[in-house]
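Nothing here was measured: the structure is a model prediction, and the numbers come from that model. This chain uses plain numbering: 1 for the first residue, then up along the sequence.
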Amino acid sequence: MDISYKKRKTNDESLVASLAESTGLSRLAADLLASRGIETEEDAKRFLNPCAADFLDPFLMPDMRAAVERIERALKNREKIVVYGDYDCDGVSAAAILYDFFRDKTETSYYIPSRKDGYGLSAAAIDKIAESVFPDLIITVDCGVTSVGEVEYIKELGIDAIITDHHTPQDALPDAPVLNPKVGGYGNELCGAGVALKLVEALAGFKEAERYMDIAAIATVGDMVPLTGENRAITALGLEKMNVKSNIRKGLKNLFSSLKLDKITASDIAFTIAPRLNAAGRMGLADRALELLVSEDYFNIECLIKELNADNAERQTLLSDVTDDVYERLLEEDLNASRCIVLADARWDGGILGLACSKTAGEFNRPALLFTEKDGVLKGSARSVEGINIFEALSGCKGLFTAFGGHAQAAGVSLPRENFAAFKQKINEYMRKYGNKPFLPSAVYDAAPKEKPDLETVRELRALEPFGEGNPRPVFWFKNREMRFTRIKGTSHIKERSGTFETVGFNMADGAELLNSLAEKNLFATADCCAYNNAEYVKAVIQCCYASPPEECFDKVRLLEAYLSAAAANGRNLIVQNGEEINGANSPNGGDGNGSLTQNGNIACGANSPNGKDERGSLIQNDKNAGKNVSERVKRFEKDGVSDIIKDTDEIYGTAFVAFDDRTAAEFYKKFRSECDKLLLFCYRAPESRNPYNRLFLSPKDLRFNYYGRVVYLDKPLFDPTAYSSARGIFVCSGENPLDGALRSIGLNGERIRELYIRIRGGINGGAEGLRGIYSQSAGDKKFSYTEFVAAFAVFYELGLIETGKNGVKLNEKKTDLENSSVYRKCTRTADGESGK
């Protein structure tokens with residue numbers, strides 16, 4: 001089953017030509033307009049020039065007239081109003097709009113529940129409001145559409161209620177005026193702050209609503225509602241307001257300054273501004289975000305900004321801690337059979353569960369639900385993936401909940417602890433109805449140009465901004481073999497620069513070797529114009545990359561580099577576990593018999609060493625099957641037996657096919673890709689995610705395959721396979737280890753290897769970095785090939801004469817015997833076993 005490469009929309013050529021002619025845009029820009037549902041010149045002009053005319057009549061919401069009449073009476077009689085909000089960016093933004101609008105007209109206060117109180121209206125919160133204020137009217141924002149019982153309680157206390165919300169309603173509505181674009185066919189999907197904005201417009205006209213367009217724009221982007229129609233106009237007008245210095249409200253102006261933001265874009269809102277407003281409610285009281293939006297006091301604003309920036313930094317740390325814990329917990333789950341991740345832990349901070357859900361769902365491409373616990377009640381967040389409506393899925397389980405609400409892609413859930421197991425089983429059963437399609441990797445693109453887009457093209461595409469949900473930044477599909485990415489110093493990012501075109505991969509340092517390999521890459525990236533030293537260039541940001549094994553073979557040096565990479569990642573050499581050797585599969589303890597690497601650097605010397613130990617050894621690390629007889633897990637097969645293994649692959653997850661020789665990888669991929677109807681991804685050195693899709697690994701950097709149920713070695717492994725994998729099934733192909741053949745063909749002798757040591761020592765002492773750098777500085781005079789150089793480096797590394805680490809490569813001056821190196825012994829033996837000394 002191939003990866004799905006999907007054009008966002010294939011448009012009629014005559015429509016594209018017509019749009020290009022009527023708008024004066026290029027065919028590419030016209031095609032992108034058509035993909036966004038634009039079919040006429042009038043629609044195109046409206047899309048390209050969002051303005052006040054795009055706003056719908058607020059009275060199209062069925063209960064708007066009743067809500068306005070009740071509020072006008074409250075203002076006339078100077079009644080007390082409480083604006084009841086929510087603790088996220090949308091909730092505090094909506095509350096800020098109505099609170100600021102009402103506060104100079106009548107006695108107005110606001111109430112924002114904490115995350116510990118939970119989402120939405122609650123009897124406890126209503127009691128607090130009644131005891132402290134006892135208002136005449138409570139107006140909810142971004143919540144309340146499912147609070148039928150709570151609204152009845154408000155009315156029993158003699159208080160009126162108006163509900164403004166945008167979440168999906170359930171069967172019954174509260175007995176109060178309900179303003180919700182999903183009730184009554186309003187015609188646009190708004191966020192909570194967008195609904196609050198429409199209420200202001202209905203009460204006081206569009207001019208008054210314009211005062212709050214900046215706040216509404218932040219919430220619209222931050223809450224990820226579609227940036228089409230009215231939302232597009234809200235965002236465009238809000239950005240325009242934020243980018244006119246005289247129009248910026250004080251709190252936002254100082255926030256932008258602290259973040260060194262100049263021209264504000266929708267991306268700035270999504271990735272920099274909204275997260276800080278969200279952080280207030282995640283890490284403490286959300287009131288602070290609201291105060292920042294409405295305060296006029298400079299010193300108060302500066303204090304609030306410091307708090308929100310500190311909260312955001314703490315949020316990032318907590319999020320990293322929780323997601324790391326989630327990934328660790330998932331090692332104990334059967335990810336190969338599940339379609340929905342469901343975990344609970346009382347230690348997790350409820351304030352960041354939604355973010356952790358989003359990261360987990362993205363990492364494993366399936367819905368995720370994470371819960372924390374208090375007093376026997378589990379409260380959690382849910383996030384989904386494209387093609388799966390999580391609200392509908394949860395609706396089928398609502399008999400198990402004490403409360404739930406949300407929409408297609410996100411939801412909140414509460415349930416008794418005793419219902420957790422039943423819920424986990426039921427939600428996973430429900431996900432099976434979707435089949436495999438939503439869970440498969442895919443790449444959506446807008447254009448596949450023959451040449452990379454130039455500056456003029458990318459400038460033109462800015463007319464489609466603001467980009468966001470429903471109007472994504474265009475994605476280009478490139479096919480490329482010749483790329484040379486380098487790591488951006490001090491980061492996990494990589495980049496490649498060619499003329500005025502720069503390609504960047506954020507957090508993709510582990511994928512650099514695939515991108516730099518000879519494999520044909522299918523690269524999917526967005527593009528924008530950037531400037532440096534007054535010179536413009538195109539900056540493409542990689543979204544994802546898929547590849548196929550190259551037809552032509554890598555040089556055998558790749559095997560040596562794989563050996564060194566594994567050594568650097570996992571430790572030094574052979575290990576003695578508890579003073580006893582761990583042998584191979586044909587020995588009493590089971591296993592494969594090849595040497596492997598240790599994490600702590602201890603060496604179990606080879607057969608010819610002074611200690612007389614056999615060179616076979618292995619590493620056991622975090623192996624939950626470590627105490628078992630490993631021969632129960634290891635099965636051997638001949639090369640033609642791989643067909644039977646593939647036929648037994650009944651899921652899209654769980655099987656790692658591993659090759660160390662690129663010829664094996666290319667042959668296998670070509671022969672079995674069509675047979676493996678449950679998906680087969682190619683991966684060179686490191687996967688792009690933890691998701692255990694069925695993959696073909698070539699020269700894997702890490703040998704543990706943590707989330708896989710089966711590991712199939714298509715070549716005899718370089719190392720003991722049982723040492724790195726806790727998989728229930730390990731399949732090992734019979735035959736020669738490909739590294740042995742590669743080493744024999746090098747034909748090094750003692751004299752050359754000693755001269756190489758002198759040269760390598762000179763290169764390291766000269767400050768050269770990386771294998772290629774050291775080679776260029778020390779042995780790159782063509783007298784020694786790079787293959788010989790890497791083989792020698794492996795020998796010296798194995799003997800402990802060279803160490804690698806965070807501070808680079810360093811030498812250890814000590815006496816040793818070359819014969820203690822298994823790599824050396826193999827390099828100096830010919831095919832018939834004769835010494836090459």
Would you check if the distance from the ring center of [X] to the ring center of [Y] is below 6.0 Å?
X	Y	result
Tyr707	Tyr653	no
Tyr186	Phe59	no
Tyr434	Phe439	no

Salt bridge present between [X] and [Y] (N-O < 4.0 angstrom):
X	Y	value
Arg347	Asp325	yes
Lys155	Asp160	no
Glu429	Arg339	no
Lys182	Asp165	no
Arg282	Asp311	no
Asp349	Arg315	no
Lys7	Asp446	no

Neighbour count above 12 (heavy atom, 6.0 Å) for [X] [atom1]:
X	atom1	answer
Arg417	CZ	no
Arg432	CZ	yes
Phe271	CZ	no
Lys9	NZ	yes

[Y] versus [X], side-chain donor and acceptor atoms under 3.5 Å:
X	Y	answer
Asn11	Ser35	yes
Asn365	Asn691	no
Thr526	Arg473	no

Looking at every non-hydrogen atom in both residues, tell me the closest pair between Val151 and Pro174 and how far apart they are.
CG2-CB, 3.6 Å
Quick one: [atom1] on [X] to [atom2] on [Y], what's the gap to the nearest 0.5 Å?
X	Y	atom1	atom2	result
Leu353	Leu370	CG	CG	6.0 Å
Asn706	Glu328	CG	CD	8.0 Å
Leu378	Leu369	CG	CG	11.5 Å
Ile341	Ile427	CD1	CD1	13.0 Å
Glu150	Ile163	CD	CD1	9.5 Å

Could you tell me whether the side chain of [X] and the main chain of [Y] form a donor-acceptor pair under 3.5 Å?
X	Y	value
Arg232	Glu230	no
Ser93	Cys89	yes
Ser147	Cys143	no
Asn471	Pro466	yes
Arg276	Ala289	no
Lys379	Arg115	no
Glu363	Arg690	yes
Thr323	Ser320	yes
Ser384	Ile388	yes
Asn180	His167	yes

Evaluate side-chain hydrogen bond (donor to acceptor under 3.5 Å, both in side chains) for Asn694 paired with Tyr708, printing each intermediate quantity in order.
CA-CA 9 Å; Asn694 297 336; Tyr708 283 90; over 6 Å; no
Among residues two or more places apart or on two chains, list those pairs meeting salt bridge (charged side-chain N to carboxylate O under 4.0 Å, His left out) that have a residue in residues 381-410.
none
When the ring planes of Trp477 and Phe524 are compared, do they come out parallel, tilted or perpendicular, using 30° and 60° as the limits?
parallel
Using 30° and 60° as the class boundaries, would you call the ring planes of Phe404 and Phe401 parallel, tilted or perpendicular?
tilted
Using side chain to side chain contact (heavy atoms under 4.5 Å, CB included) as the criterion, point out the one residue from Ile273, Val92, Asp88, Asp90 that pairs with Asn278.
Asp88
Is it the case that Arg36 places NZ or CZ above or below the six-membered ring of Phe47, under 6.0 angstrom from the centre and within 45 degrees of the axis?
no
Please report the C-alpha distance between Tyr327 and Phe364 in whole Å, then the side-chain angles of each, then the deciding distance to 0.1 Å, and finally whether the ring-ring contact (aromatic ring centres under 6.0 Å, His included) criterion is met.
CA-CA 10 Å; Tyr327 299 158; Phe364 292 93; 5.8 Å; yes
